[in-house]
K.L.:
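My questions will all concern the structure given below.
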Protein chains: 2
Amino acid sequence: MHPVIGRLREHGIRPTPQRVVVARRVLDSKAHPSAEDVLNAVRRDSPLISRASVYNALKLFVRKGLLEKRPLRDGRHVYDPIVEPHHHLIDERSGRIYDIPRGLCRVRLTKPLPGFEVRGIQVVLKGRKTT
Amino acid sequence: MHPVIGRLREHGIRPTPQRVVVARRVLDSKAHPSAEDVLNAVRRDSPLISRASVYNALKLFVRKGLLEKRPLRDGRHVYDPIVEPHHHLIDERSGRIYDIPRGLCRVRLTKPLPGFEVRGIQVVLKGRKTT
DNA sequence: CCTTCTATTTAGACGATGTCTAAATATAGG
DNA sequence: CCTATATTTAGACATCGTCTAAATAGAAGG
């Protein structure tokens, strides 16, 4: 039995064959793959798996807490007339984006990052309007 | 003369009619519009403007420092098997994503955000590998 | 004003990404 | 075994951004 089957069950996910191959590809990955990356990788071993099954599996895994989905790939943008550095606040429910002035939110690196020149910091808070 | 014409010229942008209507829509916006938002808004006044002109104008404005482009819209994601909170580092040249442990980077709100319940903080550093 | 060279706009095709649906298939529980 | 439910599948569809080749506009020089 694949070790991932246990992890799927722990999270209340029925381990169908399709889900197992998706989980095997993504769970031990350090590469932060996109859905299409996973689809292509999985199809090398299981050429008959459908696009929708991979997307369904990934969505389910996120809902069950096995994975996190992160918007880290270039693709969909908004345009901001405020070019000075500042941060942003996104309301989960409406998707609305608010500005946070630089002074309201401080970011500090406790150690330098060797071998990397930092050229920009973007902080995004997610949450819900309560009023 | 539209006030935006001056701002375009200040940034070394020739103020064509198409660019002026795009600039008018986006420069005074608080709404963080996407390119498609801008296209749709602009077409209400200038139905004949082409999709490519709007995209070209936005890209030019960013290159000239009039706007910033920010990846704040849901759309393209990666999947991360590390579900514990941590931050990320993106190499501008390769697009590669690296993990930053929570302890290496601290975020602090200097004042609370009234009317908003924060449910997640995402810090993304952009820069370049130097080694 | 005319010509010429360059910049810009345009329509439309294209690729990538993600969602949805209806039909087929598999599985679980009685 | 039968039935109800879950899952998979192919394919259509929508959105977003890029690209290209042809048309147009504008600037610069005579």
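On a predicted model such as this, the values are computed, not experimentally measured, just so you know.
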K.L.:
Per the side-chain hydrogen bond (donor to acceptor under 3.5 Å, both in side chains) rule, what does the pair list look like for residues 10-20 of chain B, sequence neighbours excluded?
P.N.:
none

K.L.:
Specify the separation, in whole Å, of atom OH of B/Y55 and atom C1' of C/dG15.
P.N.:
14 Å

K.L.:
What salt bridge (charged side-chain N to carboxylate O under 4.0 Å, His left out) pairs are there with at least one residue in residues 76-87 of chain B, not counting sequence neighbours?
P.N.:
A/R70-B/D80

K.L.:
With a 4.5 Å cut-off on side-chain heavy atoms, are A/I100 and A/Y98 touching?
P.N.:
no

K.L.:
Taking salt bridge (charged side-chain N to carboxylate O under 4.0 Å, His left out) as the definition, give me every residue that meets it alongside A/R128, ordered by chain and number, with sequence neighbours left out.
P.N.:
A/E92

K.L.:
Which whole-number value in Å describes the distance from B/R76 CZ to C/dG18 P?
P.N.:
7 Å

K.L.:
Report yes if the side chains of A/L39 and A/V22 come closer than 4.5 Å at any heavy-atom pair, otherwise no.
P.N.:
no

K.L.:
Taking only heavy atoms on the protein side, list every residue of residues 34-41 of chain B lying under 4.0 Å from any atom of DNA chain C, sorted numerically.
P.N.:
none

K.L.:
Show me the protein contacts with nucleotides 6-12 of chain C, counting only N or O atoms at under 3.5 Å.
P.N.:
residue: C/dA7; atom: O3'; partner: B/R14; partner atom: NH2; Å: 3.3
residue: C/dT8; atom: OP1; partner: B/R19; partner atom: NH1; Å: 3.1
residue: C/dT8; atom: OP1; partner: B/R19; partner atom: NH2; Å: 3.2
residue: C/dT8; atom: O5'; partner: B/R19; partner atom: NH2; Å: 3.4
residue: C/dT9; atom: OP1; partner: B/T16; partner atom: OG1; Å: 2.6
residue: C/dT9; atom: OP1; partner: B/Q18; partner atom: OE1; Å: 3.4
residue: C/dT9; atom: O3'; partner: B/Q18; partner atom: NE2; Å: 2.8
residue: C/dT10; atom: OP1; partner: B/Q18; partner atom: NE2; Å: 3.3
residue: C/dT10; atom: OP2; partner: B/S50; partner atom: N; Å: 3.1
residue: C/dT10; atom: OP2; partner: B/S50; partner atom: OG; Å: 3.4
residue: C/dT10; atom: OP2; partner: B/S53; partner atom: OG; Å: 2.7

K.L.:
Just wondering, do B/R106 and A/T110 contact through their side chains at under 4.5 Å, heavy atoms?
P.N.:
yes

K.L.:
Does a donor on one side chain and an acceptor on the other come within less than 3.5 Å for B/D37 and B/S34?
P.N.:
yes

K.L.:
Starting at NZ of B/K59 and ending at C1' of D/dC19, how long is that distance when rounded to a whole Å?
P.N.:
9 Å

K.L.:
Can you pull the salt bridge (charged side-chain N to carboxylate O under 4.0 Å, His left out) pairs that have at least one residue in residues 25-35 of chain A, sequence neighbours excluded?
P.N.:
A/R25-A/D45

K.L.:
In whole Å, what is the span from the CD1 atom of A/I13 to the P atom of C/dA28?
P.N.:
16 Å

